[in-house]
Amino acid sequence: AQSVTQLDSQVPVFEEAPVELRCNYSSSVSVYLFWYVQYPNQGLQLLLKYLSGSTLVKGINGFEAEFNKSQTSFHLRKPSVHISDTAEYFCAVIVNSGNTPLVFGKGTRLSVIA
Amino acid sequence: DAGVIQSPRHEVTEMGQEVTLRCKPISGHNSLFWYRQTMMRGLELLIYFNNNVPIDDSGMPEDRFSAKMPNASFSTLKIQPSEPRDSAVYFCASSYLRGRYGYTFGSGTRLTVV
């Protein structure tokens with residue numbers, strides 16, 4: 001079965017600084033990878049996804065992530081964060097065949113400090 | 001499309017009462033998922049349906065919880081009787097192609113059992 005590890009539960013960062021949120025996964029088969037964002041009192045919103053092709057994926061709000069198969073990682077990055085990026089971020093994985101649901105990490109709380 | 005619609009947004013009920021949460025998935029999506037989110041346990045998958053058929057309900061915490069999907073455009077999650085420890089935010093999500101393009105989440109129902 002696949003699993004997802006988000007290495008940091010909380011990440012504080014100053015406004016306009018770069019940020020990287022780390023995600024590692026384990027799976028014996030090929031997977032699709034996702035990042036979701038949850039703003040306070042809202043549902044989860046898809047930020048970006050990796051299905052195939054280029055390993056660098058660009059998403060909404062200036063975020064990007066890089067799929068690294070050898071490292072089994074899918075880290076999320078943004079070169080310059082804003083106060084409005086303060087939220088919970090979830091990494092998720094699903095096998096690209098079969099019928100199993102998305103597996104989510106436990107989330108990383110990004111706090112942007114003015 | 002209006003997205004995944006959940007109702008009510010907030011529910012406050014007394015212990016022992018029956019609670020029914022409702023979800024309307026995105027038209028054309030054939031999978032539906034119920035999640036529960038708490039500070040202590042994070043995001044938990046309770047049950048999911050494919051083509052209106054329950055596939056895996058192993059995440060349903062107790063027999064007090066039940067879910068139905070009578071047609072492709074409606075699902076309910078019922079708790080009877082409710083207990084204070086059921087207080088949480090309950091999310092519904094839907095997808096197609098078994099979620100390989102990700103899930104779309106509703107805004108959630110915040111349940112408080114007093």
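Chain letters run A, B, ... following the sequence lines, proteins first, then strands; residues in each count from 1.
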Shared ILVMFWY cluster between [X] and [Y], side chains joined below 4.5 angstrom?
X	Y	result
A:F14	A:Y89	no
B:L46	B:V53	no
A:Y50	A:V29	yes
B:L32	B:M60	yes
A:L21	A:V112	yes

Shortest non-hydrogen contact between [X] and [Y], atoms and distance:
X	Y	answer
A:T100	B:Y48	CA-OH, 4.3 Å
B:L45	A:P101	CD2-CG, 3.7 Å
A:L51	B:R100	CD2-O, 3.0 Å

If I measure from the heavy atoms of chain A, does [X] come under 4.5 Å with its side chain, its backbone, both, or neither?
X	answer
B:Q37	side chain
B:F33	side chain
B:D56	neither
B:R41	neither

For the CG atom on B:N71, are there more than 12 heavy atoms of other groups (residues, nucleotides or ligands in this structure) within a distance under 6.0 Å?
yes
Other residues, nucleotides and ligands only: do more than 12 of their heavy atoms fall within 6.0 Å of CD on B:E62?
yes
Could you look at A:K49 and say if it's the side chain, the backbone, both or neither that has a heavy atom under 4.5 Å from chain B?
side chain
Out of the candidates B:Y103, B:F105, B:Y35, only one should pair with A:L44 under the side chain to side chain contact (heavy atoms under 4.5 Å, CB included) rule; please name it.
B:F105
Any heavy-atom pair between the side chains of B:F91 and A:Q38 that's under 4.5 Å?
yes
CG-OG distance between A:L102 and B:S95, expressed to the nearest 0.5 angstrom
7.5 Å
Could you measure the distance from the OG1 atom of B:T104 to the OH atom of A:Y36? Nearest 0.5 Å is fine.
7.0 Å
